[in-house]
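We count ligands from 1, going down the list as the structure has it; atoms in each ligand are counted the same way. Source: prediction; values computed, not measured.
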Amino acid sequence: MTCPKIFVLLSLSVLLAAATAAPPVTLRQAADKAGILVGAAVRPSLFSEPAYSATLAREFNMVEPEDAMKWWVVRRDADTFDFRQGDEIVAFAQAHGMRVRGHCLVWDHNNPEWLARGHFGTDQMSQLLQQHIIRVMQHYAGQVFAWDVVNEALDEDGRFKDSPWYNRPGIGLAGKGSAYVEQAFRWAHQADPKALLFYNEAEAEGLNGKSDAVYAMVKDFKIRGVPIDGVGLQMHIPGLDFDTSQISPNIKRLTALGLQVHVTELDVSLPIGSGGSFSKDDLQRQAEIYRAIVRACVENPGCTAIQTWGFTDKYSWIGSHSHGTRGGALPFDRLYQPKPAYEAMLEEIARRSSR
Ligand code: XIL
C-alpha cells in the first residue's frame, strides 16, 4: 500500500532535481543563478519597440543609460535639471525587476554647449559640479545603486587629460593630479552615502601605462579613505587581434585592493565587409573575445557585473563612432537574434552558476 506513495515521492524528487539542474536558457537566468549582474546600456526612446523591450527584460538584470543621465541630456540649460529620460529608464527597470547603474557625473565629453563654451571661473565650476552631483544623485537615491562618478580622466600615458573639470578652467585643483577626481567622489558620497561609487576608464582593460595609472590612483584613494567602491573597465574592444590575456591579472590587482570591478561598456567591433555583412570566422573570433572577457570577470568574485554597450547591432554607437567602417559589435544581431558572442557569454556565466 505504501509503495505507490514512495513512487510518487521518488518521481517527484527526480523531476525536481531535473528542473533545478536544467541549464539556464537566458543570460539573465544564468546571471541570477551566479549572483552576478548582467546589463546593457539603453536608450529610453527605444522602449516602445516591442523586440527591444522584450529582449532587454528577458536577457538582462541591469540597465545603464547610454546617454540619458549625462550632462548634455540632464542639463540642456544651466538653470534646469531634466530627469525625464533617466526616469523612464528607472521606471522600465522597476517594472522588470532590474538594477540601474548610473553614468556619468564628471567627464570631459558629452557636456552641453553652455558649459563647454562658457566662460566660468574655477569657483563657479566647482559650484556647478557640486550642485550637479548632489541634485542628480539625490534625485536617483534608492533607484540607482552605483554611479560612474568620474569617467575617463586619464590619457593613454596615464596623465590627467585636459578637461573643464580639471584645468579648463577646472574646479580649482588644476595641476594637482587626482585631487579633482577625489573631490568629486567626496561630493558623491555626501550626496548618496548608500550608492556604490566607481571610477570608469577606457583602454585600461589589460596591463598598460593607463591601467597602471588607474591602479595607482585608486590604491592611493583606498589607503587615504577616499570613498570609492569600484573600477569600471569599459572594454570597447577595437579589433579581433586584441590580447585578452592581461585582463584577468588587471582585475585581480584591482579587486585585491578591496574594490569591485564592473565590466561596463563591452563591445567588440568588426570590420564591415562588402554588402555590410560579417564573415563566419570573424563572428567566431568575436565570440572568443567575449568568452575570454566574461571568463576573466566571472572567475573573480570581486568582478560583480558585466555590461554590454547596447545589446543589438541595430542600435550601437560603433557605427557613427567609426564613420560606418565598423559594426556588428554586440551579442544580438540587427534582428535581435543571438550571435555566437551571446552563446559564449551564456556558457561562461552558466559555468560560474554551476560551481
Ligand atoms: C557614447 C554613446 O554611446 C553615444 O550615444 C554618444 O553619442 C557618445 O557617448 N565611453 C563612455 C560612453 O563612457 O559614455 C560613451 O557613450 C562611449 C565611450
Side-chain angles (χ1 to χ4, degrees), residues 39-47 49 52 56 60 62-76 82 85-86 88-89 100-113 115-116 132-133 136 140 144 146-156 160-166 181 184-185 188 196-206 210-211 214 230-239 242 261-269 293 305-332 334:
V42 297
R43 302 177 188 170
S45 58
L46 302 173
F47 290 157
E49 188 178 321
Y52 185 90
L56 185 60
F60 300 95
M62 176 173 82
V63 283
E64 173 165 316
E66 183 170 348
D67 290 297
M69 291 186 191
K70 290 176 181 169
W71 272 81
W72 65 0
V73 176
V74 177
R75 305 297 301 282
R76 270 188 233 282
D82 184 347
Q85 289 194 32
E88 272 189 68
I89 294 176
V100 183
R101 207 178 172 283
H103 173 85
C104 55
L105 300 164
V106 183
W107 193 19
D108 58 318
H109 280 70
N110 296 184
N111 291 314
E113 286 289 301
L115 180 75
H132 181 83
I133 290 175
V136 176
Y140 289 114
V144 167
W147 276 99
D148 288 331
V149 178
V150 179
N151 197 31
E152 302 182 359
L154 296 161
D155 70 13
E156 61 192 24
F160 286 90
K161 283 197 294 187
D162 292 339
S163 151
W165 310 116
Y166 177 48
V181 178
F185 274 84
L196 297 177
L197 307 182
F198 278 71
Y199 175 75
N200 195 47
E201 190 54 274
E203 289 147 14
E205 9 283 347
K210 200 188 222 184
S211 69
V214 171
V231 173
L233 300 175
Q234 291 188 5
M235 309 258 182
H236 292 291
I237 307 299
F242 188 81
V261 167
H262 285 177
V263 173
T264 50
E265 306 187 14
L266 175 58
D267 56 20
V268 180
S269 63
I293 291 172
I306 299 164
Q307 179 170 257
T308 51
W309 203 243
F311 57 96
T312 165
D313 290 340
K314 191 172 178 185
Y315 304 113
S316 160
W317 78 303
I318 292 293
S320 57
H321 182 66
S322 69
H323 306 289
T325 60
R326 305 186 69 81
L330 289 164
F332 291 90
R334 302 178 74 87

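Looking from atom 11 (C) of ligand 1 to the surrounding protein, the closest heavy atom is Glu265 OE1, 3.0 Å. The single protein non-hydrogen atom nearest to atom 4 (C) of ligand 1 is Asp67 OD2, 3.5 Å, given as residue, atom name and distance. In this structure, atom 3 (O) of ligand 1 lies nearest to the protein heavy atom Glu66 OE2, 2.5 Å.
With a 4.0 Å cut-off on non-hydrogen atoms, Asn110 touches ligand 1 through its side chain and not its backbone.
Taking every non-hydrogen atom of Asn151 and a distance limit under 4.0 Å, the qualifying atoms of ligand 1 come out as 11 (C), 13 (O). Shown in contact with His103 at under 4.0 Å from a heavy atom are these atoms of ligand 1, numbered in order with element: 11 (C), 12 (C), 13 (O), 14 (O).
The heavy atom nearest to atom 15 (C) of ligand 1, considering only Gln234, Met69, Lys70, His236, is found in Lys70. Around atom 7 (O) of ligand 1, the closest heavy atom drawn from Trp107, Trp317, Trp72, Tyr315 belongs to Trp72.
The closest side-chain heavy-atom distance from Asp108 to Lys161 is below 4.5 Å. Between Phe185 and Tyr199, the closest side-chain pair of non-hydrogen atoms falls below 4.5 Å. Contact annotation: the side chain of Glu64 approaches that of Trp309 to within less than 4.5 Å [non-hydrogen atoms, C-beta and beyond].
For the residue pair Asp67 / Gln85, no side-chain donor-acceptor distance below 3.5 Å is found, with atom types taken as modelled.
For the pair Leu330 and Tyr315, the tightest heavy-atom approach, listed with the atom from each and the gap, is CD1-O, 4.0 Å.
Summarising the geometry, atom CD belonging to Glu205 is positioned 5.0 Å from atom CD1 belonging to Ile237; distances are rounded to the nearest 0.5 Å.
Note on ligand 1: His109 sits outside its first shell, no heavy atom being nearer than 4.0 Å. The closest approach between any non-hydrogen atom of Glu152 and ligand 1 is below 4.0 Å.
Shown here is Glu203, whose CD atom has no more than 12 heavy atoms of other residues, nucleotides or ligands within 6.0 Å.
Of the residues listed (Gln234, Glu152, His262), the one engaging Asn200 in a side-chain contact (heavy atoms from CB on, under 4.5 Å) is Gln234, and it is the only one.
Considering backbone and side-chain atoms together, Arg43 places no N or O closer than 3.5 Å to any N or O of ligand 1.
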